[in-house]
Asks: 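Have a look at this one.
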Amino acid sequence: MKHILLAFLFAAPAFAQSAPVTLPGEEEVDAYEVSNANAGAKPFESTTMLEAFHGREGISRIVDDLVEQVQKDPRTIEVFRASDFVRLRRTLKEQFCYILNGGCSYTGRDMVKVHEDHGVVASEFNALVELLQDAMDREGVSFGAQNKFLAKLAPMKREVVVR
Amino acid sequence: MLVRLCVAPIVLACAALPAVAQEIETGGKLRLTRGISTIEGQGGGGLTPWALITGDETDRGIGATAHVTAVELPDYSFLSYGVGVGLFDRVELSYTHQEFDTQDVGAALGLGQGFTFGQDVFAAKVRVAGDAVYDQDKWLPQIALGANWKSNDQGAVVNAIGGSDDEGWETYASATKVLLDKSLLLNGTLRWTNANQTGLLGYGGNLNDDHELMAEASIGWLLSRNLLIGGEYRMKPDNLAIAQEDDWLDLYAAWSVTRHITITGAYADLGSIATFDNQRGVYFSLQAGF
């Protein structure tokens with residue numbers, strides 16, 4: 001009992017920090033405040049959507065697929081050329097899982113900060129949407145559930161597309 | 001795909017002024033979001049324009065579409081074909097030619113077998129607010145204002161049946177919203193017009209000569225990224241004493257076969273046209289674009 005309490009006391013400051021949350025294998029990023037609000041959308045209230053995406057495992061497969069495709073597609077290859085794919089995979093999975101009410105916290109930066117140096121244009125954003133649709137198709141997510149999820153992501157275009 | 005705005009004669013000037021050497025993009029829109037082409041050439045549904053801008057371009061480029069549309073009715077045959085240009089997903093310019101073949105009706109009315117009314121439609125549309133697809137957190141639809149100038153090539157006949165003019169104009173406002181979480185597209189259009197059967201029977205007439213406000217609506221249900229099914233309604237003026245004019249309805253399916261080709265089929269109820277009632281038939285449209 002004493003050990004658990006000590007462990008909690010030592011671990012506690014980690015929750016309060018606003019230092020960068022990077023894991024081993026990820027590149028350093030400038031300090032920012034960690035908050036679920038950074039995810040850019042409010043989560044679904046029921047678990048229907050999580051089930052439609054086949055839980056956290058389905059989300060994980062979709063993100064792995066998407067991150068693989070964005071590095072191959074000529075429309076998105078430039079946008080992601082300098083990306084830290086280890087971190088991108090982790091934070092995208094967190095973001096999708098958080099929005100789909102999968103019980104995750106989002107620890108990444110907000111949509112403005114993440115994309116401000118990428119110079120994303122509308123056609124690239126649309127290409128990314130199509131690659132996500134392809135990945136959701138391959139996971140077997142129904143078209144209706146895909147659109148419900150995309151409706152949550154859609155307003156982020158205003159923060160992501162900067163020129 | 002990128003198109004260099006700088007052409008050979010000014011390439012040196014462009015090289016000297018890199019900031020001027022803009023690259024104009026083509027393509028980039030999501031499938032079906034350029035709409036199909038109406039019988040009058042605007043980006044929209046089949047009978048009524050939408051606030052979407054034709055062509056596959058985004059705000060950084062140009063796009064274009066060409067269409068051929070045929071409507072086969074019990075007593076008439078209609079054909080239209082034309083081109084539209086989209087500029088920076090903001091401005092749309094289009095030209096469409098229409099032919100309305102009266103077949104046996106022409107003979108019955110003493111105009112001659114297969115008498116054909118022709119009409120040219122020059123149209124412009126500007127998107128003024130909103131983003132139909134991406135503003136999913138707002139109620140505000142995408143809104144566009146448009147104007148059409150139309151010219152009928154049978155002025156003498158138009159006058160003989162009680163029409164006032166063989167040229168006319170109309171203006172309209174369209175609001176389009178995609179409710180993505182429900183896979184629905186909704187459109188409402190208000191048109192200020194005095195056209196008889198869209199102008200195929202002229203503009204204004206012995207019952208009424210003035211422009212009036214007409215309401216139009218479309219609904220579409222996205223079954224997949226490439227397939228939209230739905231219906232349309234178009235209210236129409238009734239200006240000619242000789243023939244009652246009815247509102248129009250259709251049920252349609254639009255299929256984006258490839259990124260560049262969209263095929264639309266519809267069942268249309270065009271009511272009474274030039275005293276011949278129950279003009280219900282099939283509509284088929286092919287649109288190609290980039």
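Chain letters run A, B, ... following the sequence lines, proteins first, then strands; residues in each count from 1.
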Asks: Between B:Arg225 and A:Asp134, does at least one N-O distance fall below 4.0 Å, as a salt bridge requires?
Replies: yes

Asks: Just wondering, more than 12 heavy atoms not from B:Trp149 lying within 6.0 Å of its CH2?
Replies: yes

Asks: Are A:Arg158 and B:Asp137 close enough, and set up right, to give a side chain to side chain contact (heavy atoms under 4.5 Å, CB included), and what steps lead you there?
Replies: CA-CA 11 Å; A:Arg158 292 194 295 267; B:Asp137 54 342; 2.5 Å; yes

Asks: Which atoms of B:Val133 are under 4.5 Å from chain A, going by heavy atoms: the side chain, the backbone, both sets, or neither?
Replies: backbone

Asks: Please state whether the side chain, the backbone, both or neither of B:Asp131 comes within less than 4.5 Å of a heavy atom of chain A.
Replies: side chain

Asks: Determine, step by step, whether A:Phe149 and B:Leu180 satisfy the side chain to side chain contact (heavy atoms under 4.5 Å, CB included) criterion, reporting the C-alpha distance in whole Å, the side-chain angles of both residues, the deciding distance to 0.1 Å, and the verdict.
Replies: CA-CA 9 Å; A:Phe149 183 49; B:Leu180 197 52; over 6 Å; no

Asks: I need the minimum non-hydrogen distance between B:Tyr134 and A:Val129, along with the two atoms involved.
Replies: OH-CG2, 3.5 Å

Asks: Please look at A:Ala122 and chain B and tell me whether the side chain, the backbone, both or neither of the residue comes under 4.5 angstrom of a heavy atom of that chain.
Replies: both

Asks: Evaluate side chain to side chain contact (heavy atoms under 4.5 Å, CB included) for B:Glu25 paired with A:Ser123, printing each intermediate quantity in order.
Replies: CA-CA 9 Å; B:Glu25 296 177 8; A:Ser123 57; 3.3 Å; yes

Asks: Salt-bridge test for A:Glu130 and B:Arg259: reply yes if a basic N is under 4.0 Å from a carboxylate O, no otherwise.
Replies: yes

Asks: Do NZ/NE/NH1/NH2 and the carboxylate oxygens of A:Arg163 and B:Asp59 come within less than 4.0 Å?
Replies: no

Asks: Can you find a heavy atom in the side chain of A:Asn147 that is under 4.5 Å from one in the side chain of B:Gln136?
Replies: no

Asks: Should the pair B:Asp181-A:Lys152 be classified as a salt bridge under the 4.0 Å nitrogen-to-oxygen rule?
Replies: no

Asks: Locate the shortest heavy-atom distance separating B:Ser183 from A:Gly144; write the atom from each residue and the value.
Replies: OG-CA, 4.3 Å

Asks: Considering only heavy atoms, which portion of B:Leu222 lies under 4.5 Å from any heavy atom of chain A: side chain, backbone, both, or neither?
Replies: both

Asks: Heavy-atom distance under 4.5 Å to chain A: side chain of B:Lys182, backbone, both or neither?
Replies: neither

